[in-house]
*Asks:* 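So that we are looking at the same thing, I have put the structure below in structure tokens.
Counting from 1, the numbers follow the sequence of the chain as shown. The shown structure was predicted, so the numbers you read here are calculated from the model rather than taken from an experiment.
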Amino acid sequence: MLTRKQHELLMFIHERLKESGIPPSFDEMKEALDLASKSGIHRLITALEERGFIRRLPNRARALEVLRLPDSIAPGLNAARKFSPSVIQGSLGQGGLGRQIKPAASSRTPSNDDDAAPAVSIPVMGRIAAGVPIDAIQHQTHTITVPPDMIAGGEHYALEVKGDSMIEAGIFDGDTVIIRNANTASPGEIVVALVDDEEATLKRFRRKGASIALEAANPAYETRIFGPDRVKVQGKLVGLIRRY
């Protein structure tokens, strides 16, 4: 349940993002809500973030993202979501997607066949460029529709693959990978890993003693080894879509 001011701020941010793709400044939010100081805006944003309605993207000015709207505004659209992950550009290879990744809600697409399970829409978080570290830009690009049995349980998002660091795992340039949100993984699983809170990469997760190894599926790329405090698991690979 949101307070009136929290609801007003959420809708103001949402409408501004729809209109221009750029979040409003704190001054604009203060003026829109007729508040005396920016500290009130900071408190409202913190409350919305704690309730899972928005997300602040670190190390970027005016970096706010609406993850979901109240069910009274958008019923049924928030069931499985938290990223909206927005565009994530990063690296399937050496580097990465930077910033924390959080998935967006899935939404059901009605089917004309009453006996068929409805398809599910999940957000495409952007592009992961395999092999070359590039900064992440987190704005949701679009959604894709996937079979419901591909994403059974949990929150999911998709990433577009650019590069060849995971080709021996059957993941090729141009593929779209389906990721289930998770913060832990078992050795051998392919994960989206956030390194030093700055770059993300799609790699096979391994443990080397107390360290974590991120292993490519291409002999042209070295296995990267990090201290456990430098790596955060952001999700696990559960599916793949390929267009010919």
Side-chain angles (χ1 to χ4, degrees), residues 49-58 65 67-68 78-93 95-107 120-128 130 136 138 140-141 143-144 146-161 165-166 169-171 175-208 210-217 223-241:
E49 189 174 32
E50 289 174 348
R51 288 162 175 77
F53 287 93
I54 66 172
R55 182 161 61 96
R56 281 183 276 205
L57 306 180
E65 178 179 33
L67 303 179
R68 64 188 182 99
N78 303 316
R81 162 186 172 143
K82 193 182 174 196
F83 246 302
S84 162
S86 301
V87 168
I88 297 175
Q89 284 188 340
S91 170
L92 280 179
L97 239 145
R99 323 294 195 276
Q100 193 93 352
I101 302 172
K102 294 185 179 179
S106 322
S107 61
V120 179
S121 292
I122 64 172
V124 177
M125 309 294 292
R127 178 177 295 169
I128 281 187
Q138 293 194 358
Q140 181 176 331
T141 56
T143 62
I144 58 172
V146 299
D149 57 355
M150 182 180 285
I151 60 168
E155 300 172 331
H156 294 76
Y157 58 93
L159 296 169
E160 297 172 346
V161 177
S165 72
M166 298 299 289
I171 303 170
D175 288 347
T176 299
V177 289
I178 310 301
I179 305 296
R180 178 165 60 84
N181 188 38
N183 56 21
T184 60
S186 300
E189 291 185 307
I190 295 176
V191 304
V192 175
L194 186 67
V195 179
D196 295 333
D197 289 325
E198 292 180 353
E199 64 171 80
T201 181
L202 186 72
K203 289 290 190 300
R204 198 174 295 280
F205 181 88
R206 304 283 189 190
R207 291 196 178 274
K208 300 286 185 182
S211 299
I212 291 174
L214 300 179
E215 179 182 281
T223 295
R224 304 174 71 198
I225 299 176
F226 302 94
D229 58 333
R230 296 182 60 192
V231 176
K232 296 176 183 176
V233 173
Q234 298 282 277
K236 298 194 286 190
L237 178 72
V238 297
L240 181 146
I241 296 172

*Asks:* Would a 4.5 Å heavy-atom cut-off, applied to side chains only, mark V192 and L159 as touching?
*Replies:*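 Touching, per the 4.5 Å side-chain cut-off.
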*Asks:* Rounded to the nearest 0.5 Å, what separation is found between the CD1 atom of I212 and the CZ atom of R206?
*Replies:*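 Atom-to-atom, I212:CD1 and R206:CZ are 13.5 Å apart.
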*Asks:* Could you tell me which non-hydrogen atom of M166 sits nearest to which non-hydrogen atom of E215, and how far apart they are?
*Replies:*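 Result for this residue pair: SD-O, 4.2 Å.
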*Asks:* Once you round to the nearest 0.5 Å, how far does CZ of R180 lie from CD1 of I122?
*Replies:*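 If we round to the nearest 0.5 Å, R180:CZ and I122:CD1 are 13.0 Å apart.
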*Asks:* Kindly give the heavy-atom pair with the smallest separation between V161 and V177, and that separation in Å.
*Replies:*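 Smallest interatomic distance, heavy atoms only, reads CG2-CG1, 3.8 Å.
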*Asks:* Please round to the nearest 0.5 Å and tell me the distance separating atom CG of D229 and atom CG of D196.
*Replies:*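 It is 8.5 Å, given to the nearest 0.5 Å.
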*Asks:* For residues P123 and T143, report the shortest heavy-atom separation together with the two atoms involved.
*Replies:*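 Taking every non-hydrogen atom into account, CA-CG2, 4.1 Å.
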*Asks:* Working to the nearest 0.5 Å, report the span between CD of E160 and CD1 of I144.
*Replies:*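 Output value for this atom pair is 8.0 Å.
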*Asks:* So, for L237 and I179, which heavy atoms are closest and what is the spacing to 0.1 Å?
*Replies:*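 Looks like CA-CD1, 3.9 Å.
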*Asks:* Working to the nearest 0.5 Å, report the span between CD1 of I241 and CD1 of I178.
*Replies:*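 One gets 4.0 Å once the value is rounded to the nearest 0.5 Å.
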*Asks:* Check side chain to side chain contact (heavy atoms under 4.5 Å, CB included) between A182 and all other residues, then give those that pass, not counting sequence neighbours.
*Replies:*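 Applying side chain to side chain contact (heavy atoms under 4.5 Å, CB included) to A182 gives K236.
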*Asks:* With sequence neighbours left out, write down each residue that passes salt bridge (Lys or Arg N to Asp or Glu O under 4.0 Å) with R207, or none if nothing qualifies.
*Replies:*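 Once residues adjacent in sequence are excluded, R207 has no partner under the salt bridge (Lys or Arg N to Asp or Glu O under 4.0 Å) criterion.
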*Asks:* When you measure from the side chain of R230 to the backbone N and O of V195, does any donor-acceptor pair fall under 3.5 Å?
*Replies:*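 Not a single qualifying donor-acceptor pair exists.
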*Asks:* Which heavy atom of S211 sits nearest a heavy atom of P228, and at what distance?
*Replies:*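 Where S211 meets P228 most closely, the heavy atoms are CA-CD, 4.3 Å.
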*Asks:* Minimum heavy-atom separation for R204 to A169, with atom names?
*Replies:*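 Heavy atoms only, the tightest pair is NH2-CB, 3.8 Å.
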*Asks:* Output the distance between atom CZ (F53) and atom CG (L67), rounded to the nearest 0.5 Å.
*Replies:*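 One finds 10.0 Å between CZ of F53 and CG of L67.
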